Amino acid sequence: KWTMEEFIGKEIARIRQICGPKGRVIGAVSGGVDSTVAAKLMHEAIGDRFHAIMVDNGVLRLNEAKQVHTMLNRDLGVNLTVVDASELFFSRLADVEDPEQKRRIIGNTFINVFEEVAAKIEAAAEAEERVGGEPKGKIEWLLQGTLYPDVIESISFKGPSATIKTHHNVGGLLKDMKLKLIEPLRELFKDEVRALGRLLSIPAPLVQRHPFPGPGLAIRILGPVNREQVQILQKADAIYIEEIRAAGLYEQISQAFAVLLPVRAVGVMGDKRTYEQVIALRAVQSEDFMTADWFIFPADVLKKISSRITNEVAGINRVTYDISSKPPATIEWL
Ligand code: XMP
């Protein structure tokens with residue numbers, strides 16, 4: 001049986017061999033475990049000849065783009081470009097309510113933005129060469145954070161639930177680019193990727209992080225998606241997760257998040273009537289995300305979360321807890 005240390009050594013040697021002395025690699029990062037571990041491994045193998053791209057689609061969690069930048073670039077030393085494409089995403093999402101249409105728009109826009117940034121990186125390298133810098137190799141490779149379950153497609157998101165909703169994730173969309181694929185995690189299971197991440201000094205909170213869907217908060221806002229709605233949901237979600245962590249429950253839960261319902265309910269604040277939106281909280285326990293049970297919170301934790309959200313998030317006067325299992329509900333609301 002191999003050890004993870006041996007795996008790292010062998011994989012780094014393999015990456016160096018296939019890339020050659022000059023070959024360059026690009027890859028999309030999302031802030032999730034898989035893409036972060038894959039990016040860090042590439043950095044260990046070929047340094048700045050690996051270039052990571054993070055597309056800020058406007059529907060990330062609170063401060064997420066900034067946090068990923070700090071962690072990947074400053075702390076882990078990975079060569080990273082973060083591009084704020086939120087305006088483009090919001091303009092294309094305007095008035096769209098249909099869940100699958102939201103997914104398609106976000107997936108396609110992501111591809112457009114990524115290809116544009118990749119072309120700019122290539123052009124910048126060529127320009128440098130012309131002014132006499134050290135000649136750089138062409139971008140020939142695309143990094144993919146594919147795991148073993150994705151390869152065998154058994155418990156992957158491309159499994160049975162793909163017939164219910166199309167699951168787009170950041171890496172999987174780019175397969176059609178004219179680049180060769182490099183997939184350093186393709187022999188690993190999720191728990192092995194986490195172990196690898198710890199060995200590569202990726203911070204523990206990231207290694208343990210709940211999954212986050214590629215289409216982001218757009219599929220957690222029922223109804224039209226715009227900057228204002230995203231800001232409301234980001235605040236509520238951040239409070240929710242903060243309190244789950246404070247209660248020491250984060251690792252008992254497989255996935256927890258807030259959902260913004262586009263209905264309005266009557267409330268009272270001071271002696272004034274309010275008429276505002278509703279937040280639904282979701283938390284599930286699941287082995288493989290194909291089935292899931294809703295999580296039973298201690299009542300005091302829910303009480304604190306609800307009181308903080310209604311007090312601190314303008315535009316919300318009511319909080320509900322989702323007590324649906326999968327099936328018949330799915331984990332996400334859209
Ligand atoms: P559902 O809602 O189908 O979710 O029960 C199962 C798991 O898949 C995640 N999910 C997605 N992940 N792109 C993704 O990358 C998607 O479009 C998508 N939709 C759902 C969901 O968060 C849960 O972990």
Side-chain angles (χ1 to χ4, degrees), residues 8 11-12 15-16 19 22-89 106 109-128 133-134 136-146 169-174 177 179-185 193-194 196-207 209 212 214 216:
I8 295 178
E11 195 53 35
I12 287 178
I15 294 167
R16 285 183 181 149
C19 296
K22 280 174 74 178
R24 289 193 301 141
V25 181
I26 51 169
V29 290
S30 64
V33 188
D34 306 343
S35 65
T36 304
V37 171
K40 174 67 174 160
L41 199 56
M42 289 308 297
H43 176 72
E44 299 279 300
I46 61 167
D48 279 354
R49 286 191 288 133
F50 170 64
H51 204 128
I53 298 171
M54 173 161 192
V55 176
D56 180 350
N57 57 14
V59 286
L60 303 174
R61 284 165 291 191
L62 190 67
N63 298 328
E64 192 158 29
K66 218 181 286 163
Q67 279 165 11
V68 173
H69 189 263
T70 304
M71 181 211 34
L72 223 56
N73 187 257
R74 198 196 62 188
D75 301 344
L76 298 176
V78 173
N79 187 11
L80 170 72
T81 300
V82 179
V83 39
D84 178 358
S86 56
E87 276 306 321
L88 179 63
F89 281 87
I106 291 177
T109 308
F110 172 81
I111 295 170
N112 300 154
V113 173
F114 186 91
E115 286 183 335
E116 195 178 305
V117 178
K120 275 189 194 151
I121 291 171
E122 184 79 51
E126 278 168 15
E128 234 174 84
E134 194 178 317
K136 289 190 174 177
K138 283 225 164 294
I139 297 174
E140 276 178 84
W141 299 88
L142 176 70
L143 174 68
Q144 296 261 285
T146 322
N169 65 37
V170 160
L173 294 165
L174 300 169
M177 284 181 82
L179 294 170
K180 294 173 271 185
L181 295 185
I182 187 160
E183 300 179 304
L185 311 180
V193 175
R194 295 205 163 102
L196 176 56
R198 282 186 281 268
L199 278 179
L200 292 170
S201 335
I202 290 165
L206 192 136
V207 168
R209 211 160 187 202
F212 184 67

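What you are looking at is a predicted structure, and each value in this text was computed from that prediction instead of being measured. One-based numbering along the sequence shown.
Other residues, nucleotides and ligands place no more than 12 heavy atoms under 6.0 Å from the CD atom of E116. Atom NZ of K66 has 12 or fewer heavy atoms from other residues, nucleotides or ligands within 6.0 Å.
Annotation: the span from L174 atom CG to E115 atom CD amounts to 7.5 Å, rounded to 0.5 Å. To the nearest 0.5 Å, the span separating CD1 on I15 from CZ on R49 amounts to 11.0 Å.
Proximity of V78 to N73: side-chain heavy atoms (C-beta onward) are nowhere separated by under 4.5 Å. Between W141 and I26, every side-chain heavy-atom pair lies at or beyond the 4.5 Å cut-off. In this structure the side chain of I111 never reaches within 4.5 angstrom of the side chain of M177, judged on heavy atoms. Side-chain contact between V113 and V83 is present, with heavy atoms from C-beta onward closer than 4.5 Å. Here the side chains of I106 and V59 are in contact, with some heavy-atom distance below 4.5 Å. Within the 4.5 Å cutoff, the side chain of V82 has no heavy atoms near those of the V68 side chain.
The two residues L76 and S201 make their nearest non-hydrogen contact at CD2-O, 3.7 Å. Between G145 and D34, the shortest heavy-atom contact is O-CB, 3.8 Å.
A donor-acceptor distance shorter than 3.5 angstrom exists from the side chain of S35 to the backbone of S30, with no hydrogens or angles considered. At distances below 3.5 Å, not a single donor-acceptor pair connects side-chain atoms of D56 with backbone N or O atoms of D84. R74 places no side-chain N or O within donor-acceptor distance of the main-chain N or O of H69, the cut-off being under 3.5 Å.
A cation-pi arrangement is present between R61 and F212, with the terminal nitrogen or guanidinium carbon under 6.0 Å from the aromatic centre and inside a 45° cone about the axis.
The pair E140-R24 does not count as a salt bridge, with every side-chain nitrogen at least 4.0 angstrom from each carboxylate oxygen.
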query: Does the salt bridge (Lys or Arg N to Asp or Glu O under 4.0 Å) test come out yes or no for K120 and E126, once each step is laid out?
result: CA-CA 10 Å; K120 275 189 194 151; E126 278 168 15; over 6 Å; no
